[in-house]
Amino acid sequence: MRQVISISVGEIVLKGKNRKNFENALIDKIRRALVDIEVEKVYKEIGKIFVELKNDEDIDRAIARVKNVFGIVYISRCFRVDKDLKLAEDAIMAAISHANIKDDFTFKIIASRADKNFPLTSPEINRHFGGFVLKNYDGAKVDVHEPEFPIYIDIREYIYVYIGREKGLGGMPMGTNGRGLVLLSGGIDSPVAAFMMARRGIRINAVHFHTYPYTSERAEKKVLDLAEIVSRYTGPMTVYSVNILEINRAIAENCYENNMTILSRRMMMRVAEKISRLNKYDALITGDNLGQVASQTIKSLKVIDKATDMLIFRPLISFDKQQIIDISESIGALETSNLPFDDCCTIFAPKHPNLNPRLEQILKEEERLDIDNLVNRAVESAKVIKID
Ligand code: ATP
Ligand code: MG
């Protein structure tokens, strides 16, 4: 009997070649997540991927790692035996003993028969093993609706027995959907936005704008910490740290104060666009959320959109704040996002931001700025930090 990790693959609607690419990309990511754990083999069997380690003691650690890989729906620790009823009974006993089940418990056998040539049908398998558990465990009772312990018996090339299963993150394997550049502030929203798009298979890089020395080094450290947290899911990323003090000053000196936020945000978009063109990133990602702040009224978003012709993803646009906070917490970012360091926009924030900007008016204001020069200088002076 061997213990193996079984991984249910997501996006079951994928067909043919797409599905194969998806599975191969996923296997690659799983292997990478396990670099420092000795793996015996990783193999596919209809709709599932199995990982066999050299040492069973590493399984908990391996499951914890694999859980952060996008593209996985369920993960379980399985007890694998050859296709034989007696061996499967041993596997059930091993699974029950590993699950630390107390004396009285309710269970249900959930058979699945990928191997259609197996002599027993699924109901017969359920009956056979249900009887086996009842006979061997005095406190066992069947509960078909809400069993405390669902015992899965999966009949394939081998028989796999497992109790319960953990939810994976879902989504698509990293890198199967191009490359994006997230505008990463120190707030709650943008790390969540990065996570959401990464989950759709986009490889993530980040740009952060600061106005040092008006913003502190600690504020920058906070953003790098957030990038590191996001990279636990996305893998290595490049962070561009860009000082926009000169840009914000030029705006403050030449334009109406009320338009500061919108003009600054349009410049951020242009800098992000330039970085993307130089590095072949396919899309920008922001943590914008409709109506949350001045720069996120529908009119503001429209005017900000027009600053570049890049594809811009705003995955949080329709979320309630609580939903965003919940995701932030679940990915381990909330505590860091809540640290109280100043963002560059707080310092240059106008007292009465324009909530209804018109594009013509903003374009007129921008005539007073040497946009190309400002953007080029900001990009050239960007600090490039690699996180791996
Ligand atoms: P967040 O919680 O992500 O800071 P927010 O609710 O504070 O977002 P805004 O400050 O309006 O909203 O920012 C909207 C989006 O613009 C952010 O989610 C982020 O993508 C981008 N952004 C804002 N400030 C910066 C910055 N200093 N550096 C990089 N991106 C920024
Ligand atoms: Mg913010």
Side-chain angles (χ1 to χ4, degrees), residues 180-198 204-212 214-216 218-224 226-227 229-230 237-245 247-248 251 260-273 275-276 283-301 303-305 307-308 310 312-325 327-329 331 333-350 353-355 357 378-379 382-383 385:
L181 182 67
V182 62
L183 281 76
L184 192 66
S185 67
I188 294 176
D189 303 337
S190 40
V192 173
F195 172 82
M196 301 293 293
M197 293 318 296
I204 300 287
N205 297 285
V207 57
H208 173 64
F209 301 101
H210 63 87
T211 49
Y212 184 80
Y214 289 88
T215 45
S216 64
R218 285 198 303 175
E220 198 187 345
K221 166 82 168 48
K222 169 182 170 180
V223 173
L224 292 179
L226 286 171
I229 291 167
V230 171
M237 69 162 94
T238 303
V239 182
Y240 304 84
S241 179
V242 179
N243 193 329
I244 52 165
L245 182 56
I247 290 179
N248 278 2
I251 298 171
M260 180 75 217
T261 312
I262 211 95
L263 288 164
S264 178
R265 196 50 58 79
R266 278 169 60 89
M267 291 300 280
M268 286 185 190
M269 288 300 186
R270 292 188 176 105
V271 172
E273 172 176 42
I275 292 174
S276 297
L284 301 182
I285 300 162
T286 77
D288 286 313
N289 179 239
L290 191 61
Q292 203 186 76
V293 292
S295 58
Q296 299 172 7
T297 63
I298 204 157
K299 295 232 167 80
S300 300
L301 287 172
V303 172
I304 291 167
D305 246 23
T308 79
M310 284 208 58
I312 302 173
F313 290 125
R314 297 184 169 92
L316 309 186
I317 201 71
S318 69
F319 283 29
D320 285 338
K321 193 72 195 182
Q322 191 57 47
Q323 285 179 289
I324 301 173
I325 289 173
I327 299 173
S328 173
E329 185 156 34
I331 64 172
L334 187 61
E335 206 181 313
T336 306
S337 285
N338 274 336
L339 294 173
F341 306 125
D342 264 351
D343 181 11
C344 58
C345 313
T346 336
I347 287 151
F348 282 88
N354 184 355
L355 303 181
V379 172
K383 207 160 52 166
I385 301 132

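When a ligand or atom number is given, it counts from 1 through the structure's own listing order. This one's a predicted model, so the numbers in the text were calculated from it and none came from an experiment.
If you run side chain to side chain contact (heavy atoms under 4.5 Å, CB included) between Asn205 and each of Thr238, Leu184, Val182, only Thr238 comes through.
At least one N/O-N/O distance between Asp189 and ligand 1 falls below 3.5 Å. Remark: ligand 1 and Ile285 share no N or O pair separated by less than 3.5 Å (distance only, no angle test). In terms of N/O distances under 3.5 Å, ligand 1 is approached by Ile188. Polar contact check, Phe209 against ligand 1: a nitrogen or oxygen pair lies under 3.5 Å apart. Checking only distances, Leu183 does come within under 3.5 Å of ligand 1, N or O to N or O.
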For this session: Apply the test side chain to side chain contact (heavy atoms under 4.5 Å, CB included) to residues Ile247 and Phe209: give CA-CA distance (whole Å), side-chain angles for both, the deciding distance (0.1 Å), then the verdict.
Result: CA-CA 11 Å; Ile247 290 179; Phe209 301 101; over 6 Å; no

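Looking only at distances, no side-chain donor or acceptor of Gln296 sits under 3.5 Å from a matching main-chain atom of Asp288. Checking side-chain atoms of Asn243 against main-chain N and O of Leu245 turns up a donor-acceptor pair under 3.5 Å. Put simply, the side chain of Thr336 never gets that close to the backbone of Leu226: no donor and acceptor are under 3.5 Å apart. A side-chain donor-acceptor contact under 3.5 Å links Ser337 to the backbone of Gly187. No donor-acceptor pair under 3.5 Å is formed between the side chain of Ser328 and the backbone N or O of Ile324. Put simply, the side chain of Ser241 never gets that close to the backbone of Lys383: no donor and acceptor are under 3.5 Å apart.
The contact set between ligand 1 and Thr286, taken as ligand atoms under 4.0 Å from a residue heavy atom, comprises 20 (O). Atom numbering of ligand 1 starts at 1 in the shown order; those under 4.0 Å from a heavy atom of Gly187 are 1 (P), 2 (O), 4 (O).
When the heavy-atom distances from atom 15 (C) of ligand 1 to Val182, Asp288, Leu226 are ranked, the shortest goes to Asp288.
By the 4.0 Å heavy-atom criterion, Val207 is counted among the residues contacting ligand 1. Distances shorter than 4.0 angstrom occur between a heavy atom of Arg265 and an atom of ligand 1.
When non-hydrogen atoms are compared, ligand 1 lies under 4.0 Å from neither the backbone nor the side chain of Asn289.
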